[in-house]
Amino acid sequence: MATITINKKELAELLGKNLQDRELKEKIPMLGVGFESIDKDNLIIEINPNRPDMLSMQGFARAFSSFLGVKKGLAKYSIKDSDYKVVIDKSVKDVRPYTACAVVKNLKFDDEKIREIIEVQEKLHATYGRNRKKFAIGIYPFEKINMPIYYIAKKPNDVKFKPLEFQRELTALQILNQHPAGKEYAHLLQGLEKFPFFIDSKNKVLSMPPIINSDDTGKISKKTKDVFIECSGFDYNILSKVINIIATSLTDMGGKIYNVKIVYPDKEISSPNLEPSKMKIDISYINNIIGEKLSEAKVKECLLKMGYEYKNKIAFIPAYRTDILHQIDLVEDIAIAYGYENLEPVVPTIATIGKESNLAYFKEKISNFLVGFSFLETSTFCITNKDVQTKLMDHKIGLIELSNALSEEYSCLRAWMIPSLMQVLQSNKHHEYPQNIFEIGTIFKENPKTETNAEENERLAVLFCSKDANFTQIKQILDALFNALGLKYSTEETDHQSFITGRVARVIVNDQKIAYMGEINPIVLNNFSLEMPVAALELNVTELFNIINSI
Amino acid sequence: MEIKNLAEMLHPLERTVLPVLKENIELKEIIAKIKLQDVEVMRALQWLENKGIIKIKSDAKEIINLDSNGISYLKNKLPERRFLEALTKELSLNEIKEKAKLNDEELSISLGILKRKAAIEFVKDKIKIAENGKKLLNKEFLEEIFLKKLPLDLKELSNEDKYAYNELKKRKKIIKKDVVKLKFVSLTDLYAKISREKIETNVIGALTPGIIKSGEWKTKKFRRYDVKINVPKIYPGKRHFVNEAINYIKKIWLEMGFVEMEGPLLQTSFWDLDALFVPQDHPARSMQDTFFIKNPRYGNIPAELAKKVKATHENGWTTSSKGWQYKWDEKTAKENLLRTHTTVLSAQTIAKLKETDLPAKFFSVNKVFRNESLDWKHLFEFNQVEGIVIDPNANLKNLFGYLKEFYKKMGYKDVKLVPSHFPYTEPSMEIMVLHPTRNEWIELGGSGIFRPEVVKPLLGKAVPVLAWGQGMERIITEYYKITDLRDLYKNDLKQLKESKMWLK
């Protein structure tokens with residue numbers, strides 16, 4: 001989520017109302033904006049990702065002022081006609097096909113305002129623009145460029161210009177290798193034969209989107225009064241919204257918007273388009289969701305409070321709003337305007353019958369049974385590593401690996417439980433013995449027959465660790481458990497490297513191998529630096545549960 | 001307490017020790033007088049002190065004792081004496097070594113000492129005893145006298161002792177200095193009173209089957225016990241405290257008529273994200289947030305449902321939504337991951353419902369994963385609490401009602417909702433609860449109503465689905481006053497043994 005810093009004095013001017021700190025702290029969250037902190041001059045707020053239109057102070061102030069009832073309803077913006085043109089060359093079609101543009105005049109920039117507008121641009125890039133993947137915004141001093149502007153793709157070695165904050169000209173390819181922004185965003189142009197450029201009628205390069213502007217024609221200064229803005233990318237709808245967000249913010253700073261004709265090979269578009277979009281309103285739908293009986297007048301009042309217009313069951317949605325996909329989005333805004341604090345909590349009198357999962361209940365029974373034998377239950381992670389699961393246990397087993405683990409220590413999913421509990425014993429060597437522990441946990445293995453091609457099972461591990469831990473003890477536990485479950489089992493000798501040869505058994509129920517148990521091999525004890533004998537059991541609880549249910 | 005009762009309370013050990021006590025008696029002296037082991041006497045003294053009958057004063061002494069060589073020299077004579085005694089005639093060093101049974105070190109030390117005392121003389125390469133040596137042979141060395149006297153208190157050495165001590169301490173392992181702790185008894189007024197009481201030694205201590213059978217208890221007195229005494233700690237087997245909390249929360253859901261959901265931890269992106277209308281370029285799907293699986297990298301997705309989900313993402317399908325307006329990619333949806341939220345179970349549960357099953361309520365308290373480095377405030381594996389109500393008549397007021405009820409049972413008196421944003425709910429609200437002791441609002445979880453774009457593809461109809469959830473660790477750390485999240489899953493057995501019961 002993005003935070004923005006707002007000057008309190010400027011906010012008061014934009015709001016048309018002076019609010020105490022306490023009121024700001026109370027009211028801002030009610031609009032759905034996170035309140036971070038406040039000091040003498042500034043406040044810091046947090047904007048949710050669905051509201052990029054509030055990433056500028058002007059955008060936030062517009063919404064907030066309306067919410068407070070100062071400047072309610074749809075904010076009106078007029079667009080002056082011009083003959084400015086941006087010509088789209090067909091070469092950009094497969095590279096970066098679209099751009100939306102505007103010209104805003106009569107601005108007064110100072111260092112603070114320049115910083116602010118760059119920040120809005122960067123916040124839009126980072127959030128709604130997914131780090132420039134979706135779009136890139138360029139803002140240019142109008143006085144330095146000559147209309148019309150051409151949007152064209154060229155071979156990167158054929159174009160040279162001075163990128164922002166650089167003293168010398170570089171080719172487009174050199175920019176990707178040498179300029180900080182070039183290096184950071186080079187991946188966005190990777191594999192392209194031609195790169196996109198904005199070039200003016202005197203053949204001066206304005207910028208190479210989505211990387212960098214030219215230092216000559218793409219840098220705003222205190223002298224700048226008028227700006228040309230563009231947003232290039234892949235979805236014209238998104239680009240035009242972004243231009244609307246910036247153009248309206250600049251207008252709220254005192255500017256005047258002029259349109260630009262975007263000339264595509266097959267069509268012409270006038271940009272920006274600040275016509276509100278329309279959505280049908282169904283009052284009963286709204287009331288069903290909120291649970292109130294709001295009148296049409298009340299719904300209208302709520303919509304106005306949130307910056308909409310309402311006429312004849314139609315909501316008019318500001319052209320800078322990106323988040324209204326469905327009527328439900330309007331319902332939320334109406335609910336916010338109505339105020340969550342005005343909702344009464346109502347528990348419906350519907351009858352439903354609660355039910356615990358049968359497997360969960362079974363796991364509970366087994367766990368409590370073991371607690372009766374004075375075992376301590378542990379709770380370990382499913383994510384572990386290959387060494388613990390195989391090498392330290394002197395055992396081979398197939399493991400599911402993570403593709404983006406942050407550390408070697410936690411890089412794959414466990415395929416059996418005993419190693420996790422051996423780690424617990426290892427880290428508790430300084431505590432007194434006996435240390436008798438158990439846990440039921442999930443284990444993972446590949447299985448092409450399932451939806452995910454992986455299979456999960458719940459496994460019980462029981463470990464005795466004391467100077468006299470032995471096979472008899474662990475078999476007694478198994479025997480007691482199966483007696484309590486009323487199940488017959490048989491044991492047979494088996495081979496398992498982690499255990500002492502001749503002291504490890506496989507447990508069979510209904511012809512199914514369901515568990516193994518034995519005394520842990522001293523090689524393994526050594527690997528975990530344990531000096532106490534360990535007797536261990538690993539039981540497939542899921543399978544056992546299935547067997548019991550099939551009987 | 002009455003003196004009489006106090007006297008009756010005395011343990012047999014105390015009863016044995018009491019008669020031999022006098023002012024300033026030392027522990028060793030008491031032990032010498034009675035047939036009890038050191039620890040028993042010590043225990044009796046401590047009990048007497050606890051009762052206020054005596055006081056135990058401690059002091060430390062440095063005691064000189066024989067070390068391993070000292071013990072052997074005391075038995076087999078000092079090397080220098082053996083050297084001298086061997087010199088019945090002129091002998092070479094090797095011959096002396098052989099005859100006196102000395103090792104190299106002892107030989108050279110003896111040689112040095114005897115030369116210094118002018119007890120021997122060299123004749124060419126042989127050695128013979130000098131006049132002084134003959135005199136020495138006939139009397140005990142100071143060192144020998146000293147060794148025989150050990151142990152001695154370092155502070156109480158005579159001048160001769162001091163000389164011998166200084167000589168011997170330079171040599172290897174003949175003597176050592178031990179710090180000995182001494183315990184002296186000092187008698188209190190209570191002692192004077194209790195010693196006047198008749199102290200019965202023949203009382204019943206532990207009641208045994210033999211005593212019951214013989215009827216001995218009818219004629220004898222039972223020793224009175226000090227019921228205030230501290231007893232040694234014992235520990236039961238225990239459930240892990242996190243599971244204790246999970247069970248408590250599950251109980252709340254069951255009381256409220258919710259059905260438990262379950263399902264795999266390893267899921268496809270489709271169920272975890274796409275089915276919840278999370279666009280494929282959403283930051284939550286980035287490698288930084290989610291654990292993806294290397295093998296098996298892809299899973300399978302239900303074809304029919306996938307068609308609807310694809311259409312909903314791209315253009316809203318029949319949900320009256322505009323959708324996200326992008327090209328939905330099937331391969332991306334098939335990528336396996338570790339579930340990032342239990343909401344994946346909600347999606348799968350709704351997909352299995354028929355209209356006749358409604359209204360229905362479900363919950364889960366289970367594991368989820370986030371690609372975080374483990375530190376004091378981040379876990380990559382933790383538990384999430386999740387509840388949904390699928391009810392054609394459900395609304396925001398009901399959501400608020402359920403939340404209030406749920407959090408009341410969790411021990412929070414008041415709940416309020418603050419507008420927020422989650423990709424799969426609209427409206428979306430943060431849940432704030434009033435902290436019971438700090439009396440301030442804290443954020444505990446998220447809630448909302450599932451978007452029509454989520455519900456319609458899954459259920460076939462856009463019914464309101466109330467949903468809420470939160471990480472469970474926050475509640476547990478608060479209850480157990482844990483500040484480092486890693487402590488929840490550290491599995492320190494001492495901590496587990498001593499963990500308190502989960503009571504609310």
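If you're wondering where the values come from, they're calculated on a predicted model, not measured in any experiment. Within every chain, numbering begins at 1; the chains are lettered A, B, ... in the order of the sequence lines, protein sequences first and strands thereafter.
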Given B/Y489, which partner from the list B/H240, B/E381, B/E473 fulfils the side chain to side chain donor-acceptor pair (under 3.5 Å) test? B/E473
Residue A/L399 versus chain B: region with a heavy atom under 4.5 Å: backbone
Below 4.5 Å from any heavy atom of chain B, which atoms of A/I353 appear? Answer side chain, backbone, both or neither. backbone
Please classify the contact of B/E405 with chain A as side chain, backbone, both or neither, using a heavy-atom distance under 4.5 Å. side chain
When the 4.5 angstrom heavy-atom criterion is applied to B/P236 and chain A, the contacting part is backbone
Aromatic centroids of B/F369 and B/F382 separated by under 6.0 Å: no
Does a side chain donor of either B/E453 or B/T312 reach within less than 3.5 Å of an acceptor in the other side chain? no
What part of B/L374 lies closer than 4.5 angstrom to a heavy atom of chain A: side chain, backbone, both or neither? side chain
Look at B/K416 together with B/D414 and state whether they make a salt bridge at an N to O cut-off of under 4.0 Å. no
What part of B/K497 is in contact with chain A, defined as an atom under 4.5 angstrom from a non-hydrogen atom: side chain, backbone, both or neither? both
Give, as side chain, backbone, both or neither, the part of A/L370 having an atom under 4.5 angstrom from any heavy atom of chain B. neither
Is the cationic atom of A/K305 (NZ for Lys, CZ for Arg) positioned less than 6.0 Å from the six-membered ring centroid of A/F67 and within 45 degrees of its normal? yes
Under 4.5 Å to a heavy atom of chain A? For B/V418 that would be both
Hey, is A/K386 close enough to A/E409 for a salt bridge, meaning N to O under 4.0 Å? no
Salt bridge present between A/E377 and B/K238 (N-O < 4.0 angstrom): no
Evaluate the ring planes of B/F380 and A/Y410, with Trp represented by its six-membered ring, and classify them as parallel (under 30°), tilted (30 to 60°) or perpendicular (over 60°). tilted
With chain B as the partner, which of A/A360, A/S379, A/P348 has the greatest number of non-hydrogen pairs under 4.5 Å? A/S379
One option among A/T450, A/L425, A/N368, A/V331 has the most heavy-atom pairs under 4.5 Å with chain B, and it is A/N368
So what's closer than 4.5 Å to chain B heavy atoms on A/A454: side chain, backbone, both or neither? both
Interatomic distance, A/F444 atom CZ to A/E455 atom CD [nearest 0.5 angstrom]: 11.5 Å
What part of A/K134 gets within 4.5 angstrom of chain B, counting heavy atoms only: side chain, backbone, both, or neither? side chain
Identify which part of A/C382 has an atom lying under 4.5 Å from any heavy atom of chain B, answering side chain, backbone, both or neither. both
Please look at A/F375 and chain B and tell me whether the side chain, the backbone, both or neither of the residue comes under 4.5 angstrom of a heavy atom of that chain. backbone
Under 4.5 Å from a heavy atom of chain A, the part of B/N393 involved: neither
Between A/Q435 (side chain only) and A/H431 (backbone N and O only), is there a donor and an acceptor less than 3.5 Å apart? yes
With a 4.5 angstrom heavy-atom cut-off, is it the side chain or the backbone of B/L379 that approaches chain A, or both, or neither? side chain
Given that the side chain runs from C-beta out, which part of B/L338 has a heavy atom under 4.5 Å from chain A: side chain, backbone, both or neither? side chain
What about the rings of A/F545 and A/F362, do their centers lie closer together than 6.0 Å? yes
Taking the inter-plane angle between the rings of B/F277 and B/W324 on a 0 to 90° scale, is it parallel (under 30°), tilted (30 to 60°) or perpendicular (over 60°)? parallel
With only heavy atoms counted, which part of B/L493 is less than 4.5 Å from chain A, the side chain, the backbone, both or neither? both
Between B/K404, B/E255, B/K494, who has the most heavy-atom pairs with chain A when the cutoff is under 4.5 Å? B/K494
Side chain, backbone, both or neither: which part of B/F258 has a heavy atom under 4.5 Å from chain A? backbone
